[in-house]
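Below: one structure, written as structure tokens.
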Amino acid sequence: MPVTHVHIEWPDQETDQVYSPSSIIEDYFTVGATLCIDEFAKACNESLNEANGRVRQKFGFACTSAQAELHRISEKCKTYDATKRVKIIAIQ
């Protein structure tokens with residue numbers, strides 16, 4: 001289960017990265033794409049919950065890092081107007 005980071009640019013040009021314990025997150029984001037805050041939050045929610053499920057299935061316990069990352073991203077998204085856009089810079 002390779003750790004994967006999605007590098008992003010928030011609407012205010014701040015760069016950040018989203019941590020995932022699984023490469024499944026690659027199925028939800030495309031480099032160069034821009035998503036409105038609501039779409040981005042939804043994709044993070046779905047991908048990190050799926051990644052968390054994979055960890056639980058493989059190891060028998062939840063990934064607290066994925067849960068914490070989902071909370072962090074959700075809180076950050078609340079600071080922007082829903083129509084603002086997040087750019088996907090890279091996936092590593």
Under 4.5 Å between side-chain heavy atoms, hopping through other hydrophobics if needed: is there a path connecting Ile73 to Val55?
no
The reported gap from OG in Ser65 to CZ in Arg72 (rounded to nearest 0.5 angstrom) is 12.0 Å
His5 atom NE2, neighbour heavy-atom count above 12 within 6.0 Å
yes
List the steps, then state whether side chain to side chain contact (heavy atoms under 4.5 Å, CB included) holds for Ser47 with Asp27.
CA-CA 8 Å; Ser47 64; Asp27 292 350; over 6 Å; no
Below 30° counts as parallel, above 60° as perpendicular, anything between as tilted: where do the rings of Phe40 and Phe29 land?
tilted
Examine distances only and state if a side-chain atom of Asn49 and a backbone atom of Asn45 form a donor-acceptor pair shorter than 3.5 Å.
yes
Do the non-hydrogen side-chain atoms of Asn52 and Gln67 ever get within less than 4.5 Å of each other?
yes
Quick one: does Glu69's side chain have a donor or acceptor within less than 3.5 Å of a partner on Tyr19's backbone?
yes
Can you list the residues that meet the side chain to side chain contact (heavy atoms under 4.5 Å, CB included) rule with Arg85, with sequence neighbours excluded?
Thr34, Cys36, Glu39
Leu35 reachable from Tyr80 in the ILVMFWY side-chain graph, under 4.5 Å edges
yes
Are more than 12 heavy atoms from other residues, nucleotides or ligands located less than 6.0 Å from atom NZ of Lys84?
no
Shortest non-hydrogen contact from Asp38 to Ala82?
OD2-CB, 3.4 Å
Would a 4.5 Å heavy-atom cut-off, applied to side chains only, mark Tyr28 and Glu50 as touching?
yes
Would a distance-only check, ignoring hydrogens and angles, find a side-chain to backbone donor-acceptor pair under 3.5 Å from Glu46 to Cys44?
no
Verify same cluster id: Val31, Ile24 (apolar side-chain graph, 4.5 Å)
yes
Check the pair Lys76, Ile37 against side chain to side chain contact (heavy atoms under 4.5 Å, CB included), reporting the backbone distance first and the verdict last.
CA-CA 10 Å; Lys76 181 78 172 181; Ile37 289 291; over 6 Å; no
Within the 4.5 Å heavy-atom criterion, are Thr4 and Ser22 side-chain neighbours or not?
no
What pairs with His7 under side chain to side chain donor-acceptor pair (under 3.5 Å), at least two apart in sequence or on another chain?
Gln92
Tell me, do Ile25 and Val18 make a side-chain contact under 4.5 Å, heavy atoms counted?
yes
Step by step, would you call Ile8 with Gln17 a side chain to side chain contact (heavy atoms under 4.5 Å, CB included)?
CA-CA 6 Å; Ile8 64 169; Gln17 62 182 4; over 6 Å; no
For Gln57, does the CD atom have more than 12 heavy-atom neighbours from other residues, nucleotides or ligands under 6.0 Å away?
no
Thr30 and Ile88: side chain to side chain contact (heavy atoms under 4.5 Å, CB included), yes or no, with the steps?
CA-CA 7 Å; Thr30 303; Ile88 309 305; over 6 Å; no
Spell out, as yes or no, whether a donor-acceptor pair under 3.5 Å connects the side chain of Thr15 to the backbone of Gln13.
no
